[in-house]
Amino acid sequence: MAVPRMDSFKTVLKFFTDQKTTIGYSVMAILTIGSERIFSMVSFQCPCTKGQNFPYGICFLLGPAVVLLVIGFFVSTRFWRLYTGCCLNPLKLCPRGNFVGCLSVFIKVLYGACVAPVMWLTVALLNGTFYECAVSGLDEIAVIKIFCAGNVSKCQDELHRVPCGKSTLPPEQNTELLYMLRAQSQILGWSIIITAVVIALIGTCYKNCVSQVSYLQLTFWKIYMEKEREKFDAFANDYATKLADRNLKSFFDNKFPEAFPFPNHKAWEEISAIYNFRKSEQHYSTLQRYVERSNQDYTPDEHPIMDHGINLEMV
């Protein structure tokens with residue numbers, strides 16, 4: 001009976017592994033909704049004053065989105081592979097003068113970083129709390145014309161108090177203004193959702209349309225890249241452990257360290273570059289391109305350490 005249970009467990013595990021991108025986005029959406037509700041119920045208190053409503057509401061609407069965008073860049077492996085070392089060698093940003101390829105990489109990085117901010121904006125706008133506070137504090141003519149038609153003077157003076165329910169307007173008018181503010185917010189939220197979906201659809205269709213390989217080969221390429229990243233982490237962890245053991249043994253035994261084969265600096269640079277597929281060569285990554293090249297340099301570094309000229313502190 002243990003074998004069927006193990007097979008079932010492996011099937012479930014494989015499903016979650018295959019769907020980890022979808023699951024990741026779902027978890028991100030749940031966390032975004034939960035965070036927005038916490039902000040709305042716990043920390044957000046609209047000041048209901050003309051001079052403060054707009055900046056206060058905008059800070060809660062856009063502030064978390066900016067933070068999530070920055071975090072998106074921080075956790076993007078593709079961004080750091082492209083950016084690391086570009087101040088010393090600007091050509092790393094566009095190797096071999098391939099500006100179209102570089103632009104596509106930047107778009108991919110930006111696309112990945114924008115997922116969480118767009119989720120936050122849509123959730124916040126669909127809820128409407130932040131937008132109601134921000135717009136009600138505007139004293140612009142266009143805003144007054146939209147919300148205060150027929151009763152401009154009093155409505156203009158009381159609009160900023162509507163989100164708090166403290167205005168001296170009749171209850172029916174106060175409720176109507178609140179509904180109008182919420183409706184506009186939700187319209188903007190749905191507009192962002194529709195725009196994001198259309199852009200994602202067009203981008204995916206265009207990427208597949210101009211693909212130099214077939215759908216199945218593209219699928220194989222994605223699987224290979226995922227496996228290579230997994231194996232690289234395992235190999236890196238194993239070699240880092242061996243190097244640490246060797247250095248500690250040398251230190252405590254008070255002896256010169258044994259020779260330790262290690263890729264040289266040039267090899268690390270080559271496999272760290274962003275890979276752009278070319279139909280003329282049957283390679284699926286910069287690592288495969290390097291190891292299968294006929295003129296590669298396998299001269300190991302005798303002292304596998306970073307550049308002495310730059311002081312880097314590793315915490």
Side-chain angles (χ1 to χ4, degrees), residues 25-74 110-111 113-200:
Y25 284 140
S26 301
V27 171
M28 188 185 300
I30 294 172
L31 291 175
T32 302
I33 295 172
S35 301
E36 193 276 337
R37 295 306 302 166
I38 292 173
F39 269 94
S40 300
M41 297 172 62
V42 177
S43 61
F44 184 79
Q45 296 292 334
C46 187
C48 292
T49 58
K50 280 188 177 181
Q52 297 182 18
N53 275 24
F54 181 74
Y56 188 81
I58 286 296
C59 282
F60 274 83
L61 184 63
L62 299 183
V66 174
V67 173
L68 290 172
L69 180 64
V70 174
I71 293 175
F73 281 111
F74 265 113
L110 183 62
Y111 172 80
C114 284
V115 173
V118 169
M119 284 186 179
W120 170 267
L121 285 176
T122 53
V123 171
L125 287 171
L126 288 176
N127 185 35
T129 305
F130 306 145
Y131 181 88
E132 293 166 10
C133 182
V135 175
S136 64
L138 290 175
D139 202 18
E140 302 294 330
I141 297 177
V143 175
I144 301 304
K145 285 184 178 180
I146 293 174
F147 294 102
C148 299
N151 189 13
V152 175
S153 59
K154 187 174 182 180
C155 175
Q156 184 176 1
D157 294 334
E158 297 295 324
L159 183 60
H160 59 277
R161 297 191 181 95
V162 168
C164 302
K166 297 179 180 180
S167 70
T168 59
L169 296 171
E172 297 81 6
Q173 188 176 359
N174 189 90
T175 303
E176 182 181 352
L177 289 172
L178 194 60
Y179 283 164
M180 288 176 66
L181 288 166
R182 189 163 300 173
Q184 281 195 355
S185 179
Q186 292 175 346
I187 289 171
L188 285 175
W190 277 109
S191 298
I192 292 176
I193 293 175
I194 294 170
T195 303
V197 169
V198 170
I199 291 176

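From a predicted model like this one, the values you see are computed outputs, not experimental measurements.
- Atom OH of Y179 has 12 or fewer neighbouring heavy atoms from other residues, nucleotides or ligands inside a 6.0 Å radius.
- Here the shortest heavy-atom pairing between L69 and A113 reads CD1-O, 3.6 Å.
- Screening residues 44-63 for salt bridge (charged side-chain N to carboxylate O under 4.0 Å, His left out) gives K50-D157 as the qualifying pairs, with residues at least two apart or on separate chains.
- Under the 3.5 Å distance criterion, the side-chain polar atoms of Y111 are left unmatched by any main-chain donor or acceptor of A200.
- Every side chain to side chain donor-acceptor pair (under 3.5 Å) that E158 has, sequence neighbours left out, goes to R161, T168.
- Looking at every heavy atom in both residues, Y131 comes nearest to Q184 through OH-OE1, 2.9 Å.
- Remark: C164 pairs with C48 by the disulfide bond (SG atoms under 2.5 Å apart) rule, at least two apart or across chains.
- We find the CD-CG distance between E132 and L125 to be 11.0 Å, quoted to the nearest 0.5 Å.
- Applying the disulfide bond (SG atoms under 2.5 Å apart) criterion to C114, with sequence neighbours excluded, gives no partner residue.
- Side chain of S185 to backbone of L181: no donor-acceptor contact under 3.5 angstrom is found.
- In this structure, the separation between CD on E172 and CD on E176 is 9.5 Å, given to the nearest 0.5 Å.
- To the nearest 0.5 Å, the span separating OG1 on T49 from CZ on F54 amounts to 13.5 Å.
- Legend: salt bridge (charged side-chain N to carboxylate O under 4.0 Å, His left out) pairs involving residues 114-126, not counting sequence neighbours: none detected.
- In this structure, T122 OG1 and I194 CD1 are separated by 12.0 Å, a value rounded to the nearest 0.5 Å.
- Of the inter-residue distances, the one linking L121 atom CG with L126 atom CG reads 10.5 Å to the nearest 0.5 angstrom.
- Of all heavy-atom pairs spanning L61 and A124, the tightest one is CD1-CB, 3.7 Å.
- Two residues are said to be in side-chain contact when any heavy atoms from C-beta on lie closer than 4.5 Å; F73 and V70 fail this criterion.
- The shortest non-hydrogen separation linking L178 to P163 is CD1-CA, 4.1 Å.
- Remark: the backbone N or O of L62 is not paired with any side-chain donor or acceptor of W120 at under 3.5 angstrom.
- Checked against side chain to side chain donor-acceptor pair (under 3.5 Å), N127 has the following partners two or more places apart in sequence or in another chain: E36, R37, S40, T129.
- For F44 against C133, the heavy-atom pair with the smallest separation is CZ-CB, 3.6 Å.
- The aromatic rings of F60 and F130 sit tilted, their planes meeting at an angle between 30° and 60°.
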